[in-house]
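Since the structure comes first, as structure tokens, the remarks are kept for the end.
Residue numbers start from 1 in every chain, and the chains themselves are labelled A, B, ... in the order their sequence lines are given, proteins ahead of strands.
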There are 2 protein chains.
Amino acid sequence: MTTAPAPRRGRPPSGGREEILSATLAVLRERGVAKLTTREVARRAGVSEGSIYYHFTDRFGLLLAVFERGLRPLADLNQRGFAGPDLRGTLAGFMAAVEAFLDPAVDVLTAAQSDADLREALGTHMRDNDLGPHRGITMLGAYLEQQQRLGVVRADVDPETVAYTLVSGCFMRASQERMVGHTLGVASREQQLDLLMTLLAPTEDAVK
Amino acid sequence: MTTAPAPRRGRPPSGGREEILSATLAVLRERGVAKLTTREVARRAGVSEGSIYYHFTDRFGLLLAVFERGLRPLADLNQRGFAGPDLRGTLAGFMAAVEAFLDPAVDVLTAAQSDADLREALGTHMRDNDLGPHRGITMLGAYLEQQQRLGVVRADVDPETVAYTLVSGCFMRASQERMVGHTLGVASREQQLDLLMTLLAPTEDAVK
DNA sequence: GTCTATAGGTTGATAGAC
DNA sequence: GTCTATCAACCTATAGAC
């Protein structure tokens with residue numbers, strides 16, 4: 001075989017469906033759901049409105065497709081291993097991955113709140129596919145518990161609560177700028193990491 | 001004087017403006033911004049659409065009024081003192097206040113994301129009025145720093161980062177159920193509090 | 001699969017009586 | 001201050017040609 005890349009099914013780029021999906025996400029992020037009209041999406045995607053209705057049943061279906069697509073990285077993120085050699089590096093990597101997922105995902109989750117039906121549909125999708133922060137939190141919790149047994153992490157903290165704390169810090173970091181208009185009060189990833197390391201370090205009393 | 005309550009200016013209840021504002025918030029929370037039409041608001045408030053346009057310049061102005069109203073409790077919350085006798089009680093009280101504010105506020109912040117103009121207007125309002133989590137975080141940070149000097153809190157943690165951690169946990173608790181459709185992975189207020197107390201407790205090494 | 005054209009239905013906003 | 005009646009604009013969705 002030659003230098004041919006991985007073989008695919010549909011047509012690689014220029015596929016109208018993909019154009020429509022990414023145009024929809026772009027409009028969603030830049031102008032908001034309220035301004036997300038089929039007209040505007042068609043214009044951006046360089047297709048006609050009719051095309052949209054060929055690929056998707058209706059506006060609702062289009063939005064759902066964009067939502068599911070935006071949440072898909074979470075499934076992958078939940079499955080890949082992440083445990084590294086050193087504690088700090090592992091936590092840092094986890095945080096980076098969470099924030100990378102959250103950046104676009106927050107927009108999607110937020111947009112779904114604009115309509116009760118959308119919210120309900122997305123909630124169902126997340127429940128059915130076991131999506132949410134819990135998988136990652138459980139995984140990280142298990143890792144921390146293991147580190148506890150190794151004596152690397154102090155034994156008198158609840159691992160899952162630590163994991164929740166880490167994720168919630170990432171979530172707020174990913175949300176605040178967009179939602180509040182500034183980042184005042186937000187701790188940096190490094191600051192949060194420093195704090196977590198201080199918290200997790202075994203102490204003389206606790207190690208006993 | 002008789003049993004007359006406090007004197008007021010406008011008509012006490014039944015004031016059309018108030019009715020409209022609370023009807024708007026109700027529709028916002030139940031059906032979402034997308035379904036928030038002047039028709040629906042008028043119906044719920046028991047007034048005509050014309051009345052809405054008498055009290056507010058347009059739909060945009062109505063929404064802004066509701067947003068500012070929903071964020072108002074934050075200003076109060078930022079000003080009241082909160083330092084109590086014991087550390088745990090103080091933190092618990094702070095968390096409760098933050099979550100009480102956040103419960104309705106998250107809906108408002110989320111709704112503002114539906115339109116770029118709304119988001120921009122609300123962001124400006126928050127910047128102009130110095131609103132956001134930073135005031136509370138700074139206050140709590142100062143309190144923790146004081147407790148450090150008193151030896152009640154271990155000295156080798158950054159107080160503001162601890163405060164951020166506490167608030168971010170509240171923020172995620174207030175957001176997740178609405179946005180994800182379930183609360184899996186979310187640590188309870190008690191669990192978070194336990195973890196914080198463990199973190200803050202002075203250690204033999206650190207106290208030195 | 002993609003287009004054009006258009007029907008059908010909402011919605012925000014105004015005018016003017018009371 | 002509140003109402004009724006109405007308009008103009010816009011948007012979703014469909015039909016049918018290519």
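Checking B/Glu49 against B/Thr38 by side-chain atom types alone, a donor-acceptor pair falls below 3.5 Å.
A/Ile20 has its CD1 atom 14 Å from the P atom of D/dT12, to the nearest Å. Rounded to an integer number of Å, the gap from CG of B/Leu62 to P of C/dG12 is 10 Å. Going from atom CZ of B/Arg39 over to atom C1' of D/dA5 covers 11 Å, rounded to whole Å. Rounded to an integer number of Å, the gap from B/Ile52 CD1 to D/dT4 C1' is 14 Å. We find that CD of A/Glu40 is positioned 18 Å from C1' of D/dA13, with the value rounded to whole Å. Rounded to whole Å, atom P of D/dC11 lies 20 Å from atom CZ of A/Phe56. Taking atom CZ on B/Arg17 and atom P on D/dT2, their separation rounds to 11 Å, with Å as the unit. As rounded to whole Å, 9 Å separates atom C1' of D/dT12 from atom CG of A/Asp58.
Across residues 29-38 of chain B, B/Leu36, B/Thr37, B/Thr38 each have a non-hydrogen atom less than 4.0 Å from an atom of DNA chain C (numbered order). Heavy-atom distances under 4.0 Å link DNA chain C to A/Gly46, A/Val47, A/Ser48 of residues 42-49 of chain A, given in residue order.
Distances shorter than 4.0 Å separate none of the side-chain N or O atoms of B/Tyr54 from OP1 or OP2 on D/dT2. In this structure, A/Ser51 reaches the C/dC3 phosphate: one of its side-chain N or O atoms is under 4.0 Å from OP1 or OP2.
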Fill in: salt bridge (charged side-chain N to carboxylate O under 4.0 Å, His left out) between B/Asp107 and B/Arg178, intermediate numbers included
CA-CA 9 Å; B/Asp107 289 318; B/Arg178 174 67 50 113; 2.6 Å; yes
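Salt bridge status for A/Arg154 with A/Asp156: present, with a side-chain N to carboxylate O gap under 4.0 Å. The existence of a salt bridge linking A/Glu40 and A/Arg31 is confirmed by a sub-4.0 Å separation between a basic side-chain nitrogen and an acidic carboxylate oxygen. Salt bridge present: A/Asp103 and A/Arg29 bring a charged side-chain N and a carboxylate O closer than 4.0 Å. A salt bridge is defined here as a Lys NZ or Arg NE, NH1 or NH2 lying under 4.0 Å from an Asp or Glu carboxylate O, and B/Glu120 with B/Arg127 meets this definition. A salt bridge is defined here as a Lys NZ or Arg NE, NH1 or NH2 lying under 4.0 Å from an Asp or Glu carboxylate O, and B/Arg69 with B/Glu18 meets this definition.
Formation of a donor-acceptor pair under 3.5 Å by the B/Tyr164 side chain with backbone atoms of A/Gly169 is found in this model.
If you check D/dT14, C/dG12, D/dC3 against the side chain of A/Tyr53, the one that comes closest is D/dT14. For A/His55, taking side-chain heavy atoms from C-beta onward, the closest of the listed nucleotides D/dT12, C/dT11, C/dT2 is C/dT2.
By the 30° and 60° cut-offs, the orientation of the rings of A/His134 relative to B/His182 is perpendicular.
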